[in-house]
Trainee: 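Before we start, here is the structure in question, set down as structure tokens.
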Amino acid sequence: MPLLAAPVVPSGRWGVRPQPSLTAEGLVLRPWAPVDVPAVRAAYEDPAIRWWHARSMSDDDEALAWIDAKNAAWRDERAAEWAVTVAPAPAPIPGLVPAPVPVPVSVPVPVSVSVSVADRAPAPALALAGAHRPPGPADDASPVPTSGPLPRVAPARHLATPPLRRLDAPPAGTVVGRVALHHLDLYEGFGALAYWVVPSARGRRVAVRAGAEVLRWAFEELGLHRVEVEHSTRNEASCRVAELLGCRAEGVRRGHALHADGHHDMHLHARLRTDVP
């Protein structure tokens with residue numbers, strides 16, 4: 001029987017092309033490669049990843065087969081899977097001179113000759129020396145002086161924008177997660193988003209940054225109409241990621257997915273191409 005509607009995404013067009021690498025804020029999303037076998041094995045040794053994704057990885061051969069299956073799924077137009085890696089540091093722009101770092105300047109505090117140093121209250125010193133900003137390692141290393149000249153505090157704007165990655169961020173190229181579009185139905189224009197993040201990279205919105213770029217690719221380049229996110233109702237972290245990605249909560253599928261301890265109720269989120277992110 002002929003179908004009355006044209007497919008949302010014509011088949012046989014994108015699987016023959018090389019899978020693209022995508023860039024997100026501080027991240028590179030690239031196809032999985034055999035060199036990633038140790039990273040995949042290490043990821044599936046994490047109890048949280050094993051629990052929520054309901055699988056384990058026993059040896060290198062199994063990890064390599066997992067990688068080969070992800071690349072085959074791209075060629076067959078069944079799924080698109082990426083390794084999420086740390087992006088290289090941006091190269092300096094020729095001719096651009098970085099702004100100088102403000103240096104604290106000591107200024108004398110006028111003191112009346114009739115008031116001794118011992119009589120000076122410490123409260124004004126705290127107010128001038130940084131009580132308006134949150135404490136940090138520098139506060140422990142440089143206690144507020146109780147006598148003598150007080151340092152002039154740099155404007156708070158220099159403290160308002162923290163760096164994107166922490167100082168202990170892994171080196172460029174390190175695999176920190178996985179993001180995927182699977183269960184693809186090109187005729188319907190449907191896919192499902194999946195993700196995990198290794199323990200050392202959690203708390204940095206890796207899944208949000210990578211997921212946002214994959215959603216952009218899914219809607220703008222592949223041309224999907226709808227992308228779903230489904231997770232156990234007990235997985236609060238995954239629920240938060242779905243919300244930050246603009247995937248609206250649509251309901252609960254009771255007893256829908258089998259985990260090691262039995263069937264879990266699953267939250268269903270979704271985003272349409274026409275939704276405002």
Side-chain angles (χ1 to χ4, degrees), residues 24-30 32-33 35-67 69-70 73 79-87 164-171 173-183 191-215 227-247 249 252-271:
E25 191 179 14
L27 302 170
V28 172
L29 284 57
R30 60 163 176 77
W32 290 99
V35 69
D36 298 320
V37 163
V40 172
R41 283 203 62 188
Y44 280 98
E45 288 174 0
D46 172 60
I49 292 177
R50 290 166 65 111
W51 182 259
W52 298 122
H53 294 265
R55 71 162 301 152
S56 62
M57 198 75 65
S58 59
D59 54 35
D60 288 354
D61 290 340
E62 187 175 350
L64 183 59
W66 183 91
I67 290 171
K70 304 308 180 186
E81 298 251 0
W82 286 271
V84 181
T85 67
V86 177
L164 175 64
R165 296 195 295 271
R166 299 174 185 171
L167 294 177
D168 59 346
T174 302
V175 175
V176 292
R178 167 226 178 197
V179 65
L181 275 173
H182 58 166
H183 298 308
L193 184 71
Y195 40 79
W196 48 249
V197 177
V198 301
S200 62
R202 289 171 190 159
R204 304 179 192 181
R205 295 200 173 184
V206 169
V208 175
R209 287 183 273 153
E213 174 59 17
V214 169
L215 286 174
V227 175
E228 293 183 354
V229 177
E230 189 177 60
H231 62 83
S232 169
T233 54
R234 308 176 198 176
N235 191 344
E236 297 180 359
S238 189
C239 190
R240 180 60 177 158
V241 170
E243 292 172 345
L244 290 171
L245 289 172
C247 298
V252 176
R253 291 174 170 173
R254 296 179 300 124
H256 185 66
L258 182 61
H259 290 64
D261 63 339
H263 285 88
H264 285 206
D265 293 348
M266 303 293 285
H267 271 162
L268 177 64
H269 303 251
R271 186 168 137 189

Trainee: Using 30° and 60° as the class limits, which term best fits the ring planes of His264 and His259: parallel, tilted or perpendicular?
Mentor: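 Correct class here is parallel.
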Trainee: Is a side-chain N or O of Tyr195 found less than 3.5 angstrom from the main chain of Ser238, in a donor-acceptor match?
Mentor: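 Yes, Tyr195 side chain to Ser238 backbone: donor-acceptor pair under 3.5 Å.
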Trainee: Please report the interatomic distance NE2(His256) to CD(Glu230), rounded to the nearest 0.5 Å.
Mentor: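 These two atoms lie 4.0 Å from each other.
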Trainee: Between Ala24 and Leu29, which heavy-atom pair has the shortest distance, and what is it?
Mentor: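 Minimum heavy-atom contact is CB-CD1, 4.4 Å.
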Trainee: If I compare all heavy atoms of Leu258 with all of Ala54, which pair ends up nearest, and what's the gap?
Mentor: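 Closest approach of Leu258 to Ala54: O-CB, 4.0 Å.
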Trainee: Nearest 0.5 Å please: distance from the CG atom of Leu268 over to the NE2 atom of His231.
Mentor: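 One finds 9.0 Å between CG of Leu268 and NE2 of His231.
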Trainee: Is the number of heavy atoms from other residues, nucleotides or ligands under 6.0 Å of Glu236 CD greater than 12?
Mentor: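 Counting other residues, nucleotides and ligands, CD of Glu236 stays at 12 neighbours or fewer.
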Trainee: Would you please indicate if the ring centroids of Trp52 and Trp196 are separated by under 6.0 Å?
Mentor: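 Ring centroids of Trp52 and Trp196 are no less than 6.0 Å from each other.
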Trainee: Give me the atom names and distance for the closest heavy-atom approach of Arg41 to Ala63.
Mentor: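 Looking at all heavy atoms of both residues, the shortest contact is CG-CB, 3.7 Å.
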Trainee: Does any N or O in the side chain of Arg271 come within less than 3.5 Å of the main-chain N or O of Leu245, such that one atom is a donor and the other an acceptor?
Mentor: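 Such a contact is found between Arg271 side chain and Leu245 backbone.
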Trainee: Is the side chain of Arg55 donor-acceptor paired with the backbone N or O of Tyr44 at a distance under 3.5 Å, no angle test?
Mentor: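 Checked: no pair found.
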Trainee: What is the distance from atom CE of Met57 to atom CD of Glu45, rounded to the nearest 0.5 Å?
Mentor: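 Going from CE on Met57 over to CD on Glu45, the span is 10.0 Å.
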Trainee: Atom CG of Leu27 and atom CZ of Arg205: how far apart are they, to the nearest 0.5 Å?
Mentor: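 Output value for this atom pair is 13.5 Å.
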Trainee: Does Arg234 pair with Asp261 as a salt bridge, N-O distance under 4.0 Å?
Mentor: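 Looking at Arg234 and Asp261, the cut-off is met.
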Trainee: Has Arg209 got a side-chain atom pairing as donor or acceptor with Glu25's backbone, closer than 3.5 angstrom?
Mentor: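 At least one qualifying donor-acceptor pair exists.
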Trainee: Might you point out which heavy atoms bring His263 and Gly255 nearest each other, and give the distance in Å?
Mentor: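 For His263 and Gly255, the tightest heavy-atom pair comes out as CD2-O, 3.6 Å.
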Trainee: Determine yes or no for a side-chain-to-main-chain donor-acceptor pair under 3.5 angstrom, with His269 supplying the side chain and Cys247 the backbone.
Mentor: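 Confirmed, His269 side chain pairs with Cys247 backbone.
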Trainee: Ignoring hydrogens, what is the shortest heavy-atom contact between Val176 and Ala201? Give both atom names and the distance.
Mentor: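 Taking every non-hydrogen atom into account, CB-CB, 3.7 Å.
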Trainee: Under a 3.5 Å distance rule, please check whether Asp36 uses its side chain to pair with a backbone N or O of Ala33 as donor and acceptor.
Mentor: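 Yes, the answer is positive, given that a donor and an acceptor are paired below the 3.5 Å cut-off.
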Trainee: Quick check: closest heavy atoms across Ser56 and Glu62, and the distance to 0.1 Å?
Mentor: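 Of all heavy-atom pairs spanning Ser56 and Glu62, the closest is O-OE2, 3.4 Å.
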Trainee: With side chain to side chain contact (heavy atoms under 4.5 Å, CB included) as the test, pick out the partner of Val214 among Val227, Val84, Val179.
Mentor: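 Single side chain to side chain contact (heavy atoms under 4.5 Å, CB included) partner of Val214 among Val227, Val84, Val179: Val179.
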Trainee: Using modelled atom types only, decide if a donor and an acceptor are shared between the side chain of Arg178 and the backbone of Glu81 within a distance under 3.5 Å.
Mentor: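 Here the side-chain-to-backbone pair does not exist.
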